[in-house]
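Here is the naming used below: chain letters follow the sequence lines, and residue numbers restart at 1 for every chain.
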Amino acid sequence: MGFFLETLFGGLMAGMLYSLIALGFVLIYKASGVFNFAQGAMVLFAALAMARFAEWIPKWLGFDNLVVANLLAFVVAMALMVVLAWLIERLCLSRLVNQEGITLLMATLGISYFLDGLGQTLFGNDIYSINVGMPKDPAMILEGTFEGGLLISKEDLVAALISAALVLALALFFQKTATGRALRAVADDHQAAQSIGIPLNRIWVIVWSVAGFAALVAGIIWGSKLGVQFSLSLVALKALPVVILGGLTSVPGAILGGLIIGVGEKLSEIYLGSFFGGGIEIWFAYVLALGFLLVRPQGLFGEKIIDRV
Amino acid sequence: MLYRENGQFKTSYAADQQIFPIAQDRIAIGLVLLVAFVVMPLAGSEYLFRAVLIPFMILALAALGLNILVGYCGQISLGTGAFMAVGAYAAYNFLVRIDGMPLIVAMLLGGLSATVVGVLFGIPSLRIKGLYLAVATLAAQFFTDWAFLRVSWFTNNSTSGSVSVAGLNVFGLPIESPVAKYLFCLTVVCVFALAAKNLTRSATGRQWMAIRDMDVAAAVIGIRPVYAKLTAFAVSSFIVGVAGVLWAFVHLGAWEPAAFSIDRSFQLLFMVIIGGLGSIMGAFFGAAFIVVLPIILDQVPHWFGIPLSTATTSHLVHMIFGALIVFFLIAEPHGLAKLWSIGKQKLRLWPFPH
Amino acid sequence: MMNDMPQAVQAQEQAQGNGRRIGDVVLDLQNISLSFGGVKALTNISFNVREHEIRSIIGPNGAGKSSMLNVINGVYHPQEGRILFRGEERRKMEPHRAAAQGIARTFQNIALFKGMSVLDNIMTGRNLKMKSGLLANALYWGRAQREEIEHRVKVEEVIDFLEIQDIRKTPVGALPYGLQKRVELGRALAAEPSLLLLDEPMAGMNVEEKQDMCRFILDVNDQFGTTIVLIEHDMGVVMDISDRVVVLDYGKKIGDGVPEEVRANEDVIRAYLGTSH
Amino acid sequence: MNTSNLLLNVNGIEVIYNHVALVLKGVSLQVPEGRIVAILGGNGAGKTTTLRAVSNLLKGERGEVTKGTIELDGERVESLSPSDLVRRGVVQVMEGRHCFAHLTIEENLLAGSYTRKDKGEIAANLDKVYTYFPRLKTRRTSQAAYTSGGEQQMCAIGRALMSNPRMVLLDEPSMGLAPQIVEEVFEIVKDLNVKEKVSFLLAEQNTMVALRYSDFGYIVENGRIVMEGEAKSLADNEDVKEFYLGLSGEGRKSFRDVKHYRRRKRWLS
Amino acid sequence: QQANEQFFPLLVYRTGAYAPNGTPWANGKQDYVKYINATGGINGVKIAWEECETGYATDKGVECYERLKSKKSTVIDPQATGITFALTDKAPVDKIPLITLGYGLAASQDGGVFKWNFPLMGSYWTAADILIQHLGKKEGGLDKLKGKKIALVYHDSPFGKEPIPLLQKRAQMHGFELVLLPVTAPGVEQKATWLQVRQQRPDYTLLWGWGVMNSTALKEAVATGYPREKLFGVWWSGAEPDVKDVGANAKGYSALALNPHGTDSPLIKDILKKVHDAGNGSGPRDEVGSVLYMRGLLIQMLATEAVRTAQEKFGKGKVMTGEQVRWGLENLNVDEKRIGELGLAGLIRPIKTSCTDHMGSSAARIHSWDGTTWKMQADWYEADKSVVDPLVKEAADKYATDKQIKRRDASDCAA
Ligand SMILES: Nc1ncnc2c1ncn2[C@@H]1O[C@H](COP(=O)(O)OP(=O)(O)OP(=O)(O)O)[C@@H](O)[C@H]1O
Ligand SMILES: Nc1ncnc2c1ncn2[C@@H]1O[C@H](COP(=O)(O)OP(=O)(O)OP(=O)(O)O)[C@@H](O)[C@H]1O
Ligand SMILES: [Mg+2]
Ligand SMILES: [Mg+2]
């Protein structure tokens, strides 16, 4: 029982971390109808910026204070992400107005190649660490109830809480504000949105900046967990089943999807894995998502796919 | 005004329904085939065959298969690598387990196995659409990755899970030298390109495209979505499976599941998009762009003797490649094949601009 | 059913006057109700369509006209009611089965296959009649090629009929709206349907183009004996070419009869026509 | 035409799609302040393209203005973005409705007020639209994709009005609307024109109604203006009568008879 | 390159997911080439070289191989298991030997079947064997392993799966329980794996990872409180990039050391002087002497030694062909004396290859992370031939049948 609970908690917390990445996908998709293939590259880029600036800034300015260094690095990295968003809009998206989703997806692939190259050129390709003071050691709770206690990873717990807060804030933003509504309008029909005066360029800069922010937070959390290195961009793959399970257009969906996938894959690996020889969690996550989709083709909270004649 | 269809009147529907109704096109394609089948084998270097042309052919074939599914039938798939793997491992098993199994038969059986798996994973497409389907097909990708590692029967109990083939021959002719391999791939590619072209210009192809463009309307005029989608999955995975066999047998010789990883799936999808959805030619353009361009970019600094470190070159190649993708999409969102046809159209009007 | 009789007789008489023969009921809709969630699109609607007639459905926007067509060819499944087609009761049916039974249609928001040429679009209309299989098509030899040419001949007839020869090879996406509507009609005609459903085929056309379209519709009706169900907002067209007219309003039937009768109907004037027209 | 208070002045524009298709071949037209101007013409004549050129929505269709100028209040506006134009009071209602499918009717309308910041004004506009189109009020909570064609058309027009425009570019507003609603829509157009001084440039197929409600008309054929004039004089023109209004000497011909007449004509030729 | 230069194609990866590991490795290779050139070449023959970026991808690797082989390549270190598989087929045709130091196919140790493969100094099987020996020694005898539980946390790929047969054999011999825990590549998510470790409480855990999988495993071990002292890695899990980011938390973790590291040896001092101080270093100076740098260096050194050996037979001061270098690799004899000359006295054990043994030595040590550096332990281990050799023979024979290769006979060896 204790072990089951540990697995469950582990799954929930892993799921929250997936949600955080999934959020980036959802934001951009929801707001502009683009499936942003470059999300992984953005996470890496942001994390690299954060890690390197936290290392460089104290050297340049000649001080030695981790907190200040991290804060400054965060600001600089965020500024960089905004510049990036602006450039992406200027050089790429604004010239692809009204194109089909698949073309835009392809363009984001180009962006992702570009960012990979740029990130490694600017920041190097070694392993760097982000130290924002995440607690690394485990905590034991309920030692009286269960033999050996229940193990909770403090790092994961903190990360999960941050993710949850971020996701919540963004969900509110989308549902409640006029900008949120404009973003959804753009996703439905670029041309019509333009025709009624929604400035696509501004909207896109905003969205990509917000996605850049989400990428930065994800990059910091995952980066402090895994170390900042190229593989960080691959965690995006873990977020894909979450995105479709929750629904491409739903911020709350990203959370619930994350939790379901997190718990589902951990439980399956531990309780079913041994029957299959192990290593099943990755495909199990996708099969789980597929199963849900068969019941609800638009994901749990996704907007219904409309086909009418 | 070298390129004109004016004055080329068709007197029968058969003539109008040729693959290349315009005489200049026929001549051009004849020339390309001549170069490919005769000039290249005489003039090409081993490097060109092994490192450029063979992978290019095989990936173009896979892209062709995928294009049937994505470009013609509108079902986005990210499981292409999986179907290639199924083809490769199935053909491998037929080859090693059945004595005297000819390569061609093993290859076709590999393709058929991929068809079966493809249709199986195609069933969700009856309900799931668009990007949701794309991500759902990743289930096929990860599942096969896992299965070929885990189930040692597939790899003939090799300890590491990697397998290899040797002594390939077709009708007694060995497929060992680069030229032989090249010609073999070329032939297979030509045969399948022709078959694919035929399919796409026949009733089958129109059914696929109808489903792609508007599935409700297609159903209303009497096209069965189930049949159209599943045949697209079947044909597509058959071709992709055969490409998988070639990739494993002819190009790599020895391989592990990673040869058909998710990166391959993405790579193929990109070829199809950048080349041009719904175009046979597009598959070749796309493969050329994604396979050949980085190789060339990689060597540019060398040609000019620019001393750049390997890492810098490679980062630059990444950046330039990414930028080029965006550039070409902006120039023509419907891919290189469309750019090509607009070019031809301009040629048709030349020297008048409009 | 009973109160349909006088109308039918009248219609028959009128039709004979035009040199055509109106036959028995081919399609009989009885007490159809359809709702989406809370929205009642159709409430208890009954009417029939006779062989060879031009039957119009009119009504204000959102009255449920398009929904009615969708019910007839199986895109929507009504919650209540019976549908008899050629005397047979139809249970829940997929659209492609309806097509197989000879029901073709066009759509209100053009539903052409955007990526294909005009020729290919119309060729898809013959899909049900083409029998060669996957392998034969891949080889494109013998039967497959013969079949392709045979059907091409038929399609060319349709193209000639609709006078769209010069845009044969154009991708439909680049065509102006009016021509797209014509191509869509061509696609439906290529199937040689016995019942043709037209959803606002003349929307967005100027008078000249409407005249052409009317001519096509009348000729189809006349030459091939095709039964036609027509939705149209142009009262001139409706009154001129239809044999009988059904009027819907808010999902309810408020009138049914020959054009003159409908035009005089108080309810119809109030709900739809407005002051005299 | 009196040019002293010209609102919009389009001068000899050429438009090319996809770098190859030349669609407008020198179109010039003027919209004076506070007037309703109609562009008439057959299918594919270039009406929509003209409107897109004005509202700068060509880019998304891969089209571009290659020659000529477009002036708003005497100021060149070709390089302004569509949203700048909306801020300056020029808004387009696109052909084929283009409602935001996943948004509800009310959200669609509110999205239309993106350029307005004043909450009170937005609420007032919303009320105004609902009074003009009561049907929308009853459907306000359903997703636009699930409303009927006519309801979507109303939604599209209403959405454009939410930005308090000075000039509306209306592309085929009558398409798919019931006759009564067509009248209503044009009444609303007239109303807005009279009461709120909104100018209209409208592209229409329905020549009859369009000429009845507009002040001035242009007839476009094949990318060129072939005729222009006061609406009244156009309506009296014999050619216009025959080809655009379907009227011949003795009044309207039945659509049924046209058939025989036409067919005979074809046989003769 | 000029006609009188010996050409070395250097397949490397300095970008992508494995760049942190690939870069020092590549720099080591390059530095040694530069060092040899700086000291007069191989008996006067200068070395020409060209790098090609594979990004760890097999198809890129094949492309690199094809591109560089036409320049009369001497010997190739593919730097990746997947590329090795693909090249194993091509090498005999093109007559270019492959060095796969400490990786590749374990069975390729058998030169009778794998004429062109040289897994010098160790394979995954010798590695696994040595790890078990080490555990046995800790327990005070291999027989004390009875009833113990040993988990293998491995990269789910041919690389990670290769040691399993040997470990199973050892498990049978000594009666310990082997728990297999695959980690899906690339290994960024291992929570389930380590929860299982926590549940099963193995006495020891072997780590068989590469790249990001290693540091993630260590972090998860920390997060689930698994003692690092019980965690033992293969030599691909025991370099600086694997622990750097975990820092003090990884203290106590041990891994196999295939090669020495540090900057104390005469060789490294000389390289720092002649290459780096001359402004010619390939990477940053402080990377010199790191574990993977040293591995690259060693690979290039053995390749150079093979050329030297070949020159002894085919003509000093001449450029050797691939076939001649292959002979050199097969007749390598790096004894204590030569090791001393190379400037690595006491840091590596003698390597002597033969026609049947393409490995030459299986000696390795263990080093442990003390929170800031890797500390080498004194004991040398060697794989137990009686355990490894039968497995090698069996696997090689199977490969030979599959590939229709005839085992080389004595005459072939003599040639
Ligand atoms: N995006 C496009 N790409 C290429 N050609 C186009 C495009 N849009 C329109 N055209 C072409 O431009 C011409 C004019 O089209 P436009 O839509 O302006 O006509 P219209 O007068 O509005 O016709 P309708 O009454 O049918 O709406 C047509 O021949 C059409 O085929
Ligand atoms: N799939 C659907 N889901 C929800 N509501 C629908 C659906 N289809 C139609 N409706 C609703 O049913 C009602 C009738 O719609 P329908 O399209 O049949 O009207 P119509 O008579 O064709 O109107 P128009 O003349 O404007 O085209 C409308 O209120 C519409 O919103
Ligand atoms: Mg309708
Ligand atoms: Mg138009």
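Here the straight-line distance linking atom CG of B:L59 with atom CG of B:L246 works out to 10.5 Å at 0.5 Å rounding.
Side-chain contact between E:L68 and E:L11 is present, with heavy atoms from C-beta onward closer than 4.5 Å. Inter-residue side-chain proximity for E:D77 and E:L98 is flagged as unmet; no heavy-atom pair is nearer than 4.5 Å.
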Mind listing the donor-acceptor pairs under 3.5 Å that bridge chain E and chain B?
from: E:T15; atom 1: OG1; to: B:S314; atom 2: OG; distance (Å): 3.4
from: E:E51; atom 1: OE1; to: B:T310; atom 2: OG1; distance (Å): 2.2
from: E:D59; atom 1: OD2; to: B:R264; atom 2: NH1; distance (Å): 3.2
from: E:D59; atom 1: OD2; to: B:R264; atom 2: NH2; distance (Å): 3.3
from: E:K60; atom 1: NZ; to: B:D298; atom 2: OD2; distance (Å): 3.3
from: E:E63; atom 1: OE2; to: B:Y47; atom 2: OH; distance (Å): 2.4
from: E:E66; atom 1: OE2; to: B:R50; atom 2: NH1; distance (Å): 3.2
from: E:R67; atom 1: NH2; to: B:D298; atom 2: OD2; distance (Å): 3.4
from: E:K69; atom 1: NZ; to: B:E46; atom 2: OE2; distance (Å): 2.4
from: E:G82; atom 1: N; to: B:E256; atom 2: OE2; distance (Å): 3.3
from: E:K90; atom 1: NZ; to: B:H251; atom 2: O; distance (Å): 2.9
from: E:Y154; atom 1: OH; to: B:R150; atom 2: NH1; distance (Å): 3.1
from: E:D156; atom 1: OD1; to: B:R150; atom 2: NH2; distance (Å): 2.8
from: E:D156; atom 1: OD2; to: B:R150; atom 2: NH2; distance (Å): 2.5
from: E:K161; atom 1: NZ; to: B:L149; atom 2: O; distance (Å): 2.2
from: E:K398; atom 1: NZ; to: B:N156; atom 2: O; distance (Å): 2.8
from: E:K403; atom 1: NZ; to: B:V165; atom 2: O; distance (Å): 2.5

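Here salt bridge (charged side-chain N to carboxylate O under 4.0 Å, His left out) pairs that include residues 152-174 of chain B, with residues two or more places apart or in two chains, number zero.
Smallest separation of non-hydrogen atoms from B:G81 and B:F260: O-CB, 3.4 Å.
The candidate from B:V291, B:V165, B:V52 with the greatest count of non-hydrogen atom pairs under 4.5 Å with chain E is B:V165.
Every residue two or more places apart in sequence or in another chain that forms a disulfide bond (SG atoms under 2.5 Å apart) with E:C64 is listed here: E:C52. For B:L297, the side-chain contact (heavy atoms from CB on, under 4.5 Å) partners two or more places apart in sequence, or in a different chain, are B:L293, B:V317, B:I320, B:F321.
Looking at E:L105, only its side chain comes within 4.5 Å of chain B, counting heavy atoms on both sides.
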